[in-house]
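Lettering of chains follows the sequences in order, A, B, ..., and the numbering in each one begins at 1.
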Amino acid sequence: MLDTSSRLLRLLALLQSRRFWPGGELAARLEVTGRTVRRDVDRLRSLGYPVESSSGLAGGYQLAAGSNLPPLLLDDDEALAVSLGLRLATAGTVAGMEDSALRALAKLKQVMPARLRTRVRNLHAAVQPLGAAGPSVPHERLVALAGACRGLQRLRFGYADQQGRASERDVEPHALVATGARWYLLAWDAVRADWRTFRIDRIVGTPRVGERFLPRKVPGGDAAAFVSRAISVQPYAVKARILLRAPLARMRERIPPSVGRLKRIDAQTCELEVGAQRHEAMAYHLAMLGVDFSVLEPKELVQHVRGLALRLSAAADLPPPATAGRGSRGRRARE
DNA sequence: TCTGCGTAAATTACGACCAA
DNA sequence: TTGGTCGTAATTTACGCAGA
């Protein structure tokens, strides 16, 4: 069994890791009785930690917001993750966070153990952000959405879809997913009774937090995979399945999750599920992949790929234009 | 049949007390 | 310091009943 001090720190870490804990669950995690948990909660309160409790069927404990941020307890992996996240935030992916991220990163490095400093240094050397590729998102909005996801609290907000049509949404937020260029919110839409993926930069105004909800299981169990599919295939008029004659790892380097979903078939082939607005555009992009492929569906795409192949073949057989002057010939010779 | 109200049961936190 | 027991308080849920 842990000694009292260690158990208090462990209890504090548990309360920080999740918003709400039933007393019995805390007792099981700490391997003590509920009575001891209550004593430890009292100790935390006497030390100034605002631990709130509630009775009844849904009773339990939660760490409330105090006047100051309490000491956070991070294990090695969590400290690395925070460090990397702050490093990326300094690149301006989230609007208005650059200076704050730099200050926080400096504080974190100051208290970091030596063994972690080396790992962080290596990690930062390997990750060189180029800056925000997509629209920036106000960090206050990200913090509010993440808090609602963690606290299992409903959200209401205005939303503008791809065509700019405005609507009012009432959702049960599940997870935030970043694709590198954009942030997305995966949530259960209470009005439409279905899962929806929202681009966070399209949320209008400040989301309003509502009552708590019981968590649902994401289809497939993986929020990131669900969002990947939602943004890479579903929004497009043309959806296709392509058999790529190349190893999955090689294709993953070329096709990010926000572009298409890849699935391993065997060591030398994989399947791509992808979307586009027009068949012509998809045929062009498939040709640019630089690997052999077969269109599994739809049939219309097969016709467009065949047409593109004929045009490229004909172009290769055409004689070069006769209008090239001496100057251009000279430049070509030097190249 | 639906809605609102009152009541009982179940569940959980809390405090006091005692023993190891 | 910890675990166990007991009584109390608070809250939610289930159920029955009356009225529209």
Using nucleotides 12-20 of chain B, report all nitrogen or oxygen pairs with the protein that are shorter than 3.5 Å.
{"unit_1": "B/dT12", "atom_1": "O4'", "unit_2": "A/Gly56", "atom_2": "O", "d": "2.9"}
{"unit_1": "B/dA13", "atom_1": "OP1", "unit_2": "A/Gly23", "atom_2": "N", "d": "2.5"}
{"unit_1": "B/dA13", "atom_1": "O3'", "unit_2": "A/Ser53", "atom_2": "OG", "d": "3.3"}
{"unit_1": "B/dC14", "atom_1": "OP1", "unit_2": "A/Arg45", "atom_2": "NH1", "d": "3.4"}
{"unit_1": "B/dC14", "atom_1": "OP1", "unit_2": "A/Arg45", "atom_2": "NH2", "d": "3.1"}
{"unit_1": "B/dC14", "atom_1": "OP1", "unit_2": "A/Ser53", "atom_2": "OG", "d": "2.4"}
{"unit_1": "B/dC14", "atom_1": "OP2", "unit_2": "A/Tyr61", "atom_2": "OH", "d": "2.2"}
{"unit_1": "B/dG15", "atom_1": "O6", "unit_2": "A/Arg38", "atom_2": "NH2", "d": "3.1"}
{"unit_1": "B/dA16", "atom_1": "N6", "unit_2": "A/Arg35", "atom_2": "NE", "d": "3.1"}

Go through A/Val177 and A/Phe226 one step at a time and tell me if the side chain to side chain contact (heavy atoms under 4.5 Å, CB included) criterion holds. CA-CA 10 Å; A/Val177 177; A/Phe226 186 93; over 6 Å; no

Go through the steps for A/Ser167 and A/Arg169 under the test side chain to side chain donor-acceptor pair (under 3.5 Å), then give the verdict. CA-CA 6 Å; A/Ser167 59; A/Arg169 302 302 183 112; 2.9 Å; yes

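Residues A/Glu280 and A/Tyr284 form no side-chain contact, since every pair of their non-hydrogen atoms from C-beta on lies 4.5 Å or further apart. Annotation: side chain of A/Val171 is not in contact with side chain of A/Arg196 (no heavy-atom distance under 4.5 Å).
Relative ring orientation between A/His279 and A/His304 is described as parallel, the plane-to-plane angle staying below 30° on a 0-90° scale split at 30° and 60°.
Rounded to a whole Å, the CG atom of A/Asp40 is 10 Å from the C1' atom of C/dT1.
Looking at A/Lys263 and A/Glu273, no side-chain N of the basic residue comes within less than 4.0 Å of a carboxylate O on the acidic one, giving no salt bridge. Checked for salt-bridge contact, A/Asp42 and A/Arg39 miss the test: no charged N lies under 4.0 Å from a carboxylate O.
Between its two ends, the helix from B/dT1-C/dA20 to B/dA20-C/dT1 turns its axis by 10°, counting five pairs per end and rounding to 10 degrees.
A 6.0 Å sphere centred on CZ of A/Arg156 holds more than 12 heavy atoms belonging to other residues, nucleotides or ligands.
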